[in-house]
Amino acid sequence: MLPVTGNSLDTSNSQEIFRAAQELMPGGVSSPVRAFKSVGGQPIVFDRVKGSYAWDVDGNRYIDYVGSWGPAICGHTHPEVIAALQETLEKGTSFGAPCELENKLAEKVINAVPSVEMVRFVNSGTEACMAVLRLMRAFTGREKVIKFEGCYHGHADMFLVKAGSGVATLGLPDSPGVPRSTTANTLTAPYNDLEAVKELFAENPDAISGVILEPVVGNAGFITPEPGFLEGLRELTKENGALLVFDEVMTGFRISYGGAQARFGVTPDLTTMGKVIGGGLPVGAYGGRADIMSMVAPAGAMYQAGTLSGNPLAMTAGIKTLDLLNQEGTYDRLETTTQRLIKGIVESAKAAGIPITGSSIGGMFGFYLCEGPVRNFEEAKGTDTELFGKLHRAMLEKGVYLAPSAFEAGFTSLAHSEADIDATLQAFEECFASVT
Ligand SMILES: *Cc1c(COP(=O)(O)O)cnc(C)c1O
């Protein structure tokens, strides 16, 4: 453990459970970043969550800014979501046959997200991105794809190149087990760099199926697109007969009801979704232009399937969550909460003489402990990760749960109250003063 001031938090049950977990599961976790490797110390084992709070197995309460990495946008265990789930549960958890709830969620997604005319449900963001990549290749008859350094599109082979947070956090360059022949078709460019994309198109004529990106990057910290970047990609892809794909697994229903594409007014050909769309249950989706989506089996020849896909339980959580979000003023409220939070964080770091740059959009925020601006992953690496580790531990001690990596965005929810933000900012002020 890192030395911290006021180390008063009793996490002995967490430590005991995590010790056992490490002998049962690789690294003691079901997903790498949860292991706290990049911030030091032991992970906290959760017992229950409610609203803006999480309680650990030692009974400590935290104001939660991870929100299960995005899904908990209405607050954890929202009573209306839970009630709807309980009702659905009685009728069965999985049919393996069509169910009307799929139509209901599909209609909501199609109405909300500008690019989506048809949608296919899957079980995770990784699955959605993997499938959309196959669809890009099937539709264009081309094999290469352009992605950006620091963007994460799930853990499918072809995307594990300069893949952002999880990989960056652990310092793994690329993953063993990913065939070189696969990633040979993955071209990468720095984020916010249209010239680099132009060059890749010029160097690979008629070979690039499309460009995929996080329209706001949340897997390399928090990076926003510079004015003209998304528009430029839209033009470049059109000119070159390639598809534009927004990976909105994180930004979808989080930075506006229609995602980044509605917020920035740039419509891609295809979109992937996850996280919020499942309201805390495993759901991913990909969708887009009807002529492209019609290639997906059984309407078309591109194969993709899933035993549990579109199951009634998951659909219910998604439907109820989108209903809660699609109400007057929800995104204004999220925006206000998040802006106040990031403004306060930046101010108290500066007051403590710590270099910082930070911003927010909708219910998503992030900061780097370095002088800004940060426009791409290379610049993001300038953040002081050691200092962030200390800050993270100190904030835990004060009952604030931040993402355990300097390269992850933070998330707020509709359940985060003014008092939560006040308490959080108070904690930041004290912690910034103590870690220097
Ligand atoms: C989380 C995420 C994924 C992967 O989704 P999983 O549900 O974890 O498989 C893909 N793309 C982006 C942008 C993400 O944030």
Side-chain angles (χ1 to χ4, degrees), residues 29-35 65-73 113 120-136 145 147-169 175 186 188 191 210-225 230 244-255 259-261 263 268 270-287 304 306 308-311 314 317-318 321 361-366 377 380 403-405 407-411:
V29 290
S30 299
S31 191
V33 76
R34 295 178 197 170
Y65 291 99
V66 179
S68 188
W69 300 96
I73 191 164
V113 186
R120 164 61 60 86
F121 293 115
V122 293
N123 305 287
S124 70
T126 291
E127 242 190 283
C129 294
M130 195 165 70
V132 93
L133 182 60
R134 186 176 303 142
L135 184 55
M136 290 163 77
V145 65
K147 78 177 282 290
F148 294 92
E149 292 162 17
C151 282
Y152 180 63
H153 305 296
H155 61 79
D157 278 357
M158 224 176 138
F159 288 130
L160 282 185
V161 181
K162 301 183 178 171
S165 59
V167 183
T169 303
S175 173
T186 310
T188 60
Y191 200 79
V211 176
I212 186 169
L213 77 155
E214 294 180 61
V216 173
V217 187
N219 285 289
F222 181 75
I223 304 172
T224 54
L230 300 177
L244 179 63
V245 183
F246 280 7
D247 178 354
E248 299 229 38
V249 171
M250 191 181 282
T251 52
F253 304 97
R254 176 158 285 282
I255 67 174
Q261 53 199 272
R263 179 127 187 171
L270 294 166
T271 300
T272 55
M273 289 156 281
K275 297 189 171 121
V276 171
I277 203 183
L281 269 83
V283 183
Y286 62 103
Q304 186 272 311
L308 293 172
S309 297
N311 73 76
T321 299
I361 302 184
M364 193 173 163
F365 69 94
F377 190 43
S405 163
F407 298 104
E408 297 283 357
F411 303 115

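Counting starts at 1 for both ligands and their atoms, following the listed order.
Each of S124, G125, T126, Y152, H153, G154, E214, N219, D247, V249, M250, K275 has a non-hydrogen atom positioned under 4.0 Å from some atom of ligand 1.
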Item checked: Verdict with reasoning, S405 to E408, per side-chain hydrogen bond (donor to acceptor under 3.5 Å, both in side chains) -> CA-CA 6 Å; S405 163; E408 297 283 357; 4.8 Å; no
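Applying the side chain to side chain contact (heavy atoms under 4.5 Å, CB included) test to S30 and every residue at least two apart in sequence or in another chain returns M25, R34.
No donor-acceptor pair under 3.5 Å is formed between the side chain of R120 and the backbone N or O of A285.
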N/O donor-acceptor pairs under 3.5 Å from side chains in residues 270-280, not counting sequence neighbours:
unit_1 : atom_1 : unit_2 : atom_2 : d
T271   : OG1    : S115   : OG     : 2.6
T271   : OG1    : Q261   : NE2    : 3.0
T272   : OG1    : D247   : OD1    : 2.9

Donor-acceptor pairs under 3.5 Å, side chain of residues 127-136 to any protein atom, not counting sequence neighbours: which ones?
unit_1 : atom_1 : unit_2 : atom_2 : d
E127   : OE1    : N123   : N      : 3.2
E127   : OE1    : N123   : ND2    : 3.2
R134   : NH1    : Y303   : O      : 2.9

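No side-chain N or O of E214 forms a donor-acceptor pair with one of Y191 less than 3.5 Å apart.
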